[in-house]
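Because the structure is a prediction, the values reported are computed rather than measured. We number each residue from 1, following the sequence as shown.
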Amino acid sequence: MSSASTSTPVEPVRSGLTNPTFFRILGVQMAFGLVYSAFLLLPKYLRLQHHASSTTIGWVAGAAVVAGAIFAPLVGGWAARLPRLLVLGAGMLAAGIAALGFAFVERVGVTMFVLRAVQGFAWAAVTNVTATLAADSVPKNQLARAIGYLGLSMLVTNAFAPAVTEPLAEHFGWPAVFAAAGLLAIAALGLFPGLPRARVETQDGPDAPQNAPHLLAVHYGSLVMGAGIGVMFTFTQPFALERGATRVGDFFFGYVAAAVFVRIVLSRVADSLGPSRVAAWALGLYAIVVAATAWMQPPWLIPLGVGIGISHGFLYPSLTAAGLADLTAASRSRFLGWFSAAFNTGFAVSVLLLGPIADRYGFAPVFLVVGAWLATASWPLIATQRTNLSLGTE
């Protein structure tokens, strides 16, 4: 009997970003994004419904990302060994159960923290599997664009979900918002038929020599990116309310509009100039926008959202592609697990440790500290990229 008869079948790689498999992956990501983005206004809910302090808001928001940081490496290992659709389904089901659970929570307590931890697992599972499925479905020279479009499918939900949930909560109450999100997650399991079950063998040849310092620089970039988005998504809302704003959803409109523009109109930039170069530039812009938030006034919500949208629109896909580009399909799940762990750790550190600072000294120092931290991540990417060029890996 030949060895080929016992090998695991794989799908051939389909060229370009217009194949049906890639579109189905985008659909799954968007469905999950709608569920997860329903909780972007959680700081407002906590402040208005439970009169929570900035410290409490930070702890509740951070519970999901702490869990995500813990689960991400584990999920990376599970996705490398187990059927990926099983891991993906577990994540989507967990998102639905957690959202439905929030509909019955009446106070800040253990139950709320447990549900946020379940959401952290869901985020780690879904984003890991959808990213590896996308990376396996497109050629290497389109990887940054593929990751950008994948992120875009979730980004648009960052604007749409708050636009729906804010008036829905005003008219029907927050439990209605959470229940609707939970039911949507369960319904999204119907998108799974047709997704690839087996790993795809890439056609890009063997791995280039791996540069460990460069991968460390990528993970450090992910860490500070998590801190940046953490403070902007968590503390911009109570800061704006403190400054006299009544509606905070406009921030997400600016953020999403700019990120959509970057990932559609400028989608080829990272693949053309090199993902490491673009990521280093985007980190510098990120640092400026976050630091500038220290002087925010309510009319600044949209411009600040635009600034974060531009920087994050470039940073996330280029930084991810900088790490994924020279890895085998089998290595991608584990890399993404640690990449997600770094992102969630940065998010958690920022919202958990800086909440008490905001309560005591105000929000301005929080944005200044994180802005300075973001600025430290550009140089490692530039320096290790030069080493990569000498290795011929970029």
Parallel, tilted or perpendicular, as decided by the 30° and 60° cut-offs, for the rings of F314 and W281: perpendicular

Any side-chain heavy atom of F363 within less than 4.5 Å of one from P238?
yes

Among side-chain atoms of Q29 and T130, is any donor-acceptor pair under 3.5 angstrom? yes

I'd like to check I57 versus Q237 (side-chain heavy atoms, cut-off strictly below 4.5 Å). Are they in contact?
no

Would you mind reporting whether I70 and F121 have side-chain heavy atoms less than 4.5 Å apart?
no

Can you find a pair of side-chain heavy atoms, one from L336 and one from T320, that are under 4.5 Å apart?
-> yes

request  = Assert yes or no for the condition that the ring centre distance of F39 to Y45 is strictly below 6.0 Å.
outcome  = no

Requested in this report: Answer yes or no: are there more than 12 heavy-atom neighbours, outside F172 itself, under 6.0 Å from its atom CZ?
Outcome: no

Ring pair (Phe, Tyr, Trp, His ring centres under 6.0 Å) with F343: of W123, Y220, W338, Y316, only one passes, and it is W123

Fill in: Heavy-atom neighbours of Q297 CD exceed 12 at 6.0 Å
yes

Y255 vs F251 aromatic rings, parallel, tilted or perpendicular, using cut-offs 30° and 60°? parallel

In this structure, CD1 of I310 is separated from CZ of R263 (nearest 0.5 Å) by 12.5 Å

According to the interplanar angle, ranging from 0 to 90°, do the rings of H312 and Y286 count as parallel (below 30°), tilted (30 to 60°) or perpendicular (above 60°)? perpendicular

